[in-house]
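These notes concern the structure reproduced below.
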Amino acid sequence: MCDQAQGIRNLVSQKSVTIPRVLAVASGKGGVGKTNISINLALTLINNNQTVALLDADLGLANADLVLGVYPQYTLLDILTGNKELGDIIVDGPLGLKIIAGSSGVYELANIDQLTLSRFISMAVHLNQDLDFLIIDTSAGLSRNVIALTMAVDEVLVVATSEPSSIADAYGLIKTILQRDPDKEIIVIGNMVRSPNEGMLIWQKINIMTTRFLQREVKYAGCVLYDQKVAAAVQKQQAFVLAYPGSSASRSIQQLAVNLLQQDYLWANSSDESEPMV
Ligand SMILES: Nc1ncnc2c1ncn2[C@@H]1O[C@H](COP(=O)(O)OP(=O)(O)OP(=O)(O)O)[C@@H](O)[C@H]1O
Ligand SMILES: [Mg+2]
């Protein structure tokens, strides 16, 4: 059984520091909004008095830094090649967000082994003794790297849109994760939806498949509405919660952050199943 997340927790608790929640943001299909959700969720959690670090682990094609308009001098590659310490490569983003940059275009990073990744995550967790959240933006799909990362975190946030291929690929990812760790906490987030009900439908479709074929339920944290302000903010290389705080996408993310903070998830056995969440 892979319980590296437990290993990291033990390591941290021995040092009696705050134990951050380590969340990986993943998806089966690409382009569903992982990077935008990771960044804007991180900033919204900061707005909710949390200390947050963001690891751009879209290894080989990192882009969280580009979306934020932050250009770090050193990246994950410098750590993995032993040139730098973690503290040297962290840059401060907006609102004091700590950003650990991946390494754009360095394709050998796509084959880092699981032990190295886990060691790296444990380093990141030790980085700041007051860290409440470490959010990891991953690349799409079932690469060895993504699966290794999901094994090393507490919770996997699976982002999906209403497109049938996105839902099918989300199920494929969840199946691969649960085959390796049947107890892994999986939390679905709907993105680019026109209504809260459309978001819930994404979760219900995925949950029907996991319940039927994997005998496991997945939880639902909420959704982000389709909002043209997201693309507009990307164009400006700004996070949409900062560029357009009153937009519907920003309001969705706020609700999502509150649900994650309070671990107020919807799942089939929960009592408030009929209550729609944005
Ligand atoms: N809620 C939304 N409303 C409207 N557009 C959105 C929304 N979320 C994301 N987008 C758009 O979708 C595109 C892809 O988003 P993003 O880069 O965050 O996806 P990704 O899952 O990280 O992609 P990749 O798999 O390539 O890493 C962006 O151009 C963004 O503008
Ligand atoms: Mg991305």
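Just so you know, ligand 1 is whichever comes first in the structure, and atom 1 is the first atom listed for that ligand. The model shown is predicted, which means the values in this text are computed figures rather than measured ones.
- A side-chain hydrogen bond (donor to acceptor under 3.5 Å, both in side chains) with Q254 is found for one member of T44, N47, N48 and no other, namely N48.
- Within the 3.5 Å criterion, the main-chain N or O of A221 finds a donor-acceptor partner in the side chain of N259.
- Ligand 1 is never approached by D137 to a heavy-atom distance shorter than 4.0 Å.
- Residue-ligand proximity, A140 to ligand 1, at heavy-atom distances under 4.0 Å covers atoms 25 (O).
- For ligand 1, the atoms closer than 4.0 angstrom to any heavy atom of N36 are 15 (O), 16 (P), 17 (O), 18 (O), 30 (C).
- In terms of polar-atom proximity, defined here as any N/O pair under 3.5 Å, V32 does make such a contact with ligand 1.
- Polar contact with ligand 1: present for D227 (N/O pair, distance under 3.5 Å).
- At a 4.0 Å heavy-atom cut-off, ligand 1 does not touch A249 at all.
- At a cut-off of 2.8 Å, S139 does not coordinate the Mg ion (ligand 2) through any N, O or S atom.
- Looking at L214 and Y171, their side chains come closer than 4.5 Å, going by heavy atoms from C-beta outward.
- In this structure, the side chains of D181 and D183 come closer than 4.5 Å at one or more pairs of heavy atoms.
- Of all atoms in ligand 1, listed by their number and element, those nearer than 4.0 Å to a heavy atom of V224 are 1 (N).
- Not a single donor-acceptor pair under 3.5 Å links the side chain of S248 to the backbone N or O of D227.
- Less than 4.0 angstrom separates some heavy atom of L225 from each of these atoms of ligand 1: 1 (N), 2 (C), 3 (N).
- The contact set between ligand 1 and G30, taken as ligand atoms under 4.0 Å from a residue heavy atom, comprises 25 (O).
- Shown in contact with A231 at under 4.0 Å from a heavy atom are these atoms of ligand 1, numbered in order with element: 31 (O).
- One N or O on the side chain of W203 and one on the backbone of V218 form a donor-acceptor pair closer than 3.5 Å.
- Residue-level proximity to ligand 1 for N191 is carried by the side chain, the only part with a heavy atom below 4.0 angstrom.
- Among the atoms of T35, some N or O lies under 3.5 angstrom from an N or O of ligand 1.
- Between I253 and the choices V258, L45, N40, the side chain to side chain contact (heavy atoms under 4.5 Å, CB included) rule is met once, by N40.
- Side chains of E198 and Y226: a donor-acceptor N/O pair is absent below 3.5 angstrom, by distance only.
- The environment of Q228 atom CD is sparse: at most 12 non-hydrogen atoms of other residues, nucleotides or ligands sit within 6.0 angstrom.
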